Peer 1: 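Sharing a structure, written as C-alpha cells. Questions coming.
A, B, ... follow the sequence lines: proteins, then strands. Residue 1 opens every chain. Please read these numbers as outputs of a predicted model, since none were measured by experiment.
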2 protein chains.
Amino acid sequence: MKYSQATDYALHAMLYLVTAAPDKPVGVQLLAEKLGVSQTYLSKMMTKLVKAGLIQSATGANGGYRLRRKQEDISFLDIIHAIEGTASLFECSMDHGSECLIQQVVMESERQMEQYLGNKKIADVAKLMQAK
Amino acid sequence: MKYSQATDYALHAMLYLVTAAPDKPVGVQLLAEKLGVSQTYLSKMMTKLVKAGLIQSATGANGGYRLRRKQEDISFLDIIHAIEGTASLFECSMDHGSECLIQQVVMESERQMEQYLGNKKIADVAKLMQAK
DNA sequence: CCTGTTATAGACTTTAGGAATCCATAATAA
DNA sequence: TTATTATGGATTCCTAAAGTCTATAACAGG
Ligand code: SF4
Ligand code: SF4
C-alpha cells in the first residue's frame, strides 16, 4: 500500500505554486523542469487538480496554473483526494452490509488519518519553508 | 492506494481462528474453504502471520494453526503490518533528509491511523460478533 | 519404520494498474 | 493568423499483486 508517484508530484507542484508569484500563472513546462518529470505526464495531474477546484488554468500565451482558493483553504487531503480519488482503502470481496465490523474498524482508522490531513493546510508548511 | 487482497484474507482468517475452538488447530484447507480462496495462496499469508509471531503452526496429522498470543494482545495493526510490511505510505524520489516538511505531514497522518489500529484488538470485534 | 497429513518454499504464470510517451485538438493572448 | 498553452485519448512499458503448481520438510499415529 503506497501513495502513487502522481501524488508526490502533485504535492510538490502545489507547493511550488504557492511560493510562486500570484500574478503570473506558471506553465507546466516550467513546473515539469523543476520537478524533473515530463510535461505531458505532469499535465495529467494538473488537470485533476483543476477539476478538483484547487487551481485554475488558462490556455494560450502567458497561460498556466494558479491557485483558485487561498493557501489557507487548501489541505493536504484535498490534494491527495484529487489525485488518488476518495475510495476507501479497504474493499472486501462480498459486501455484508454496513454492519460489518471489520470495515468499521478500518474505515474509522482511515477517518483518523484523513482528519489530520484535512486540518493540515498547505499554507502551514509554506510558511515554515520560507522561514528558512 | 488500497490494502492488498491478502490483508483482507488475513483479517478474516485471524477472526476465524479466534472463534474456533482453541484446543484443536485449524488447517489451511478448512480455512481456505471458508474464505473461498485457494489453499496454496492462503498458506502464503498464514506463513507471514506465523513469522510475525501472531499464530503458531503445527505440521503433520492434526496440525494447523492456532493463536500464539491472547486475542486481547493482537491488534489490527499487527495483522496489517505482517502482510503489508511496515514501510511508509510515502516515499519521494530524492530524499532531502529528515527535515522534509512534506514527509513529516504524511508520516504524522500515518501515525494517527496506526495508533487507532494498534489500539483496536481482535478481541474487541470478536466479542461483538458473538454477541449477535 | 511406514504412511498419510499438513505446513513451507520456490518457481512460475497471469492479471491489473501505475508510469510514462506520443500525438491530436481546443482555447486564447498577442 | 500565429505562437503558445492546456486538454484529451490512445498507446506502450513496466512492476507488483494475485494466483497456480510442484516439490520438500516435519510430524502424528499405527
Ligand atoms: S465480514 Fe465484512 S469484510 Fe468480511 S466479507 Fe463480510 S462485509 Fe466483507
Ligand atoms: S521536499 Fe521532501 S518530499 Fe520533496 S523531494 Fe525533498 S525530501 Fe522528498
Side-chain angles (χ1 to χ4, degrees), chain A residues 1-10 12-13 17 20 23-33 35-68 80 82-85 87 89-93, chain B residues 1-10 12-13 17 20 23-33 35-68 80 82-85 87 89-93:
Chain A
M1 182 167 75
K2 283 241 176 304
Y3 284 110
S4 72
Q5 194 72 16
T7 296
D8 183 300
Y9 292 139
H12 284 82
L17 284 192
D23 49 346
K24 288 277 181 190
V26 26
V28 74
Q29 93 172 348
L30 173 60
L31 225 38
E33 188 187 345
L35 302 188
V37 59
S38 86
Q39 302 182 16
T40 40
Y41 186 36
L42 181 61
S43 73
K44 297 270 158 69
M45 300 143 211
M46 300 309 289
T47 299
K48 283 189 178 180
L49 294 174
V50 169
K51 289 191 172 157
L54 303 184
I55 59 179
Q56 62 188 165
S57 62
T59 70
N62 292 329
Y65 302 97
R66 71 177 73 186
L67 293 190
R68 164 156 268 153
I80 292 174
I83 304 296
E84 303 268 342
L89 300 185
F90 184 81
E91 282 170 7
C92 77
S93 27
Chain B
M1 182 167 76
K2 283 241 176 303
Y3 284 109
S4 72
Q5 195 73 15
T7 296
D8 182 300
Y9 292 140
H12 284 82
L17 284 191
D23 48 345
K24 288 277 181 191
V26 27
V28 73
Q29 92 172 348
L30 173 59
L31 270 175
E33 189 187 344
L35 302 187
V37 59
S38 86
Q39 301 182 17
T40 41
Y41 188 36
L42 180 61
S43 73
K44 298 267 161 74
M45 300 143 210
M46 300 310 288
T47 300
K48 282 190 179 181
L49 294 174
V50 170
K51 289 190 173 160
L54 304 183
I55 59 179
Q56 62 189 164
S57 62
T59 69
N62 292 329
Y65 302 97
R66 71 177 71 185
L67 293 190
R68 164 156 268 155
I80 292 174
I83 304 295
E84 302 267 341
L89 299 185
F90 184 81
E91 281 170 8
C92 77
S93 28

Peer 1: Does CD belonging to Gln56(A) count more than 12 external heavy atoms closer than 6.0 Å?
Peer 2: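 Atom CD in Gln56(A) is packed in, count exceeds 12.
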Peer 1: Nearest 0.5 Å, please: how far is CG in Leu17(B) from CZ in Arg68(B)?
Peer 2: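 Taking CZ in Arg68(B) and CG in Leu17(B), the distance rounds to 13.5 Å.
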Peer 1: Specify the closest pair of heavy atoms between Met1(A) and Leu89(B), including all atoms of both residues, with the distance to one decimal.
Peer 2: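 That would be O-CD2, 3.5 Å.
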Peer 1: Reckon Lys51(A) has a side-chain N or O less than 4.0 Å from the OP1 or OP2 of dG8(D)?
Peer 2: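 So the side chain of Lys51(A) is within the cut-off, an N or O lying under 4.0 Å from OP1 or OP2 of dG8(D).
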Peer 1: For the pair Val28(A) and Thr40(A), evaluate side-chain contact (heavy atoms from CB on, under 4.5 Å) and give the outcome as yes or no after the intermediate values.
Peer 2: CA-CA 8 Å; Val28(A) 74; Thr40(A) 40; over 6 Å; no
Peer 1: What is the distance, to the nearest angstrom, from the CE atom on Met1(A) to the P atom on dG17(C)?
Peer 2: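 Roughly 17 Å, once rounded to whole Å.
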Peer 1: For a quick check of understanding: with a heavy-atom distance under 4.0 Å over all strands, which category does Ser43(B) fall into, base, sugar-phosphate or nothing?
Peer 2: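 Answer is base: heavy atoms of Ser43(B) come under 4.0 Å of a base.
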Peer 1: Which whole-number value in Å describes the distance from Gln56(B) CD to dT6(C) C1'?
Peer 2: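 For the pair Gln56(B) CD and dT6(C) C1', the rounded distance is 15 Å.
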Peer 1: For the helix from dC1(C)-dG30(D) to dA30(C)-dT1(D), what is the angle between the axes at its two ends, each from 5 pairs, rounded to 10°?
Peer 2: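 The value is 20°.
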Peer 1: Determine the minimum heavy-atom distance between Val50(A) and Ser57(A), stating which atoms define it.
Peer 2: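 Scanning both residues, the minimum pair turns out to be CG2-CB, 4.1 Å.
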Peer 1: Can you tell me if Ser57(A) touches the phosphate of dT5(D), counting only side-chain N or O atoms and a distance under 4.0 Å to OP1 or OP2?
Peer 2: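 Ser57(A) to dT5(D) OP1/OP2: no side-chain N or O under 4.0 Å.
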Peer 1: Round to a whole Å and report the spacing from CD1 of Ile83(B) to P of dG19(D).
Peer 2: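 That distance rounds to 14 Å.
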Peer 1: Send over the distance from Leu42(B) CG to dC21(D) P, rounded to a whole Å.
Peer 2: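 Leu42(B) atom CG is separated from dC21(D) atom P by 16 Å.
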Peer 1: Rounded to whole angstroms, how far apart are CG on Leu89(B) and C1' on dG18(C)?
Peer 2: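 Checked: the CG to C1' distance equals 17 Å.
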Peer 1: Tell me: CZ of Arg66(B) to C1' of dT6(C), nearest whole Å?
Peer 2: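 The distance from CZ of Arg66(B) to C1' of dT6(C) comes to 14 Å, rounded to the nearest Å.
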Peer 1: Reading nucleotides 20-30 of chain C 5' to 3', which nucleotides get B (base under 4.0 Å from a protein heavy atom), which S (sugar-phosphate only), which -?
Peer 2: BBBB---BBSS
Peer 1: Without decimals, in angstroms, what is the distance between Tyr65(B) OH and dA26(D) C1'?
Peer 2: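 Taking OH of Tyr65(B) and C1' of dA26(D), I get 13 Å after rounding.
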Peer 1: Could you state the CD-P distance from Gln29(A) to dA6(D), rounded to the nearest angstrom?
Peer 2: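 Value for this atom pair: 8 Å.
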Peer 1: Do Leu31(A) and Met46(A) pass the side-chain contact (heavy atoms from CB on, under 4.5 Å) test, and can you show the C-alpha distance, the side-chain angles, and the key distance before you say yes or no?
Peer 2: CA-CA 10 Å; Leu31(A) 225 38; Met46(A) 300 309 289; 3.7 Å; yes
Peer 1: Taking 4.0 Å as the cut-off, does a side-chain nitrogen or oxygen of Thr47(B) come that near to OP1 or OP2 on dT8(C)?
Peer 2: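 Answer yes for this pair, as a side-chain N or O of Thr47(B) is under 4.0 Å from OP1 or OP2.
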Peer 1: Just so I know, are the side chains of Ser4(A) and Glu84(A) near enough to count as touching, which here means a heavy-atom distance under 4.5 Å?
Peer 2: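 Yes; the side chains approach each other to less than 4.5 Å.
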Peer 1: What are the atom names and distances for every N/O pair under 3.5 Å that joins the protein to nucleotides 1-3 of chain C?
Peer 2:
none

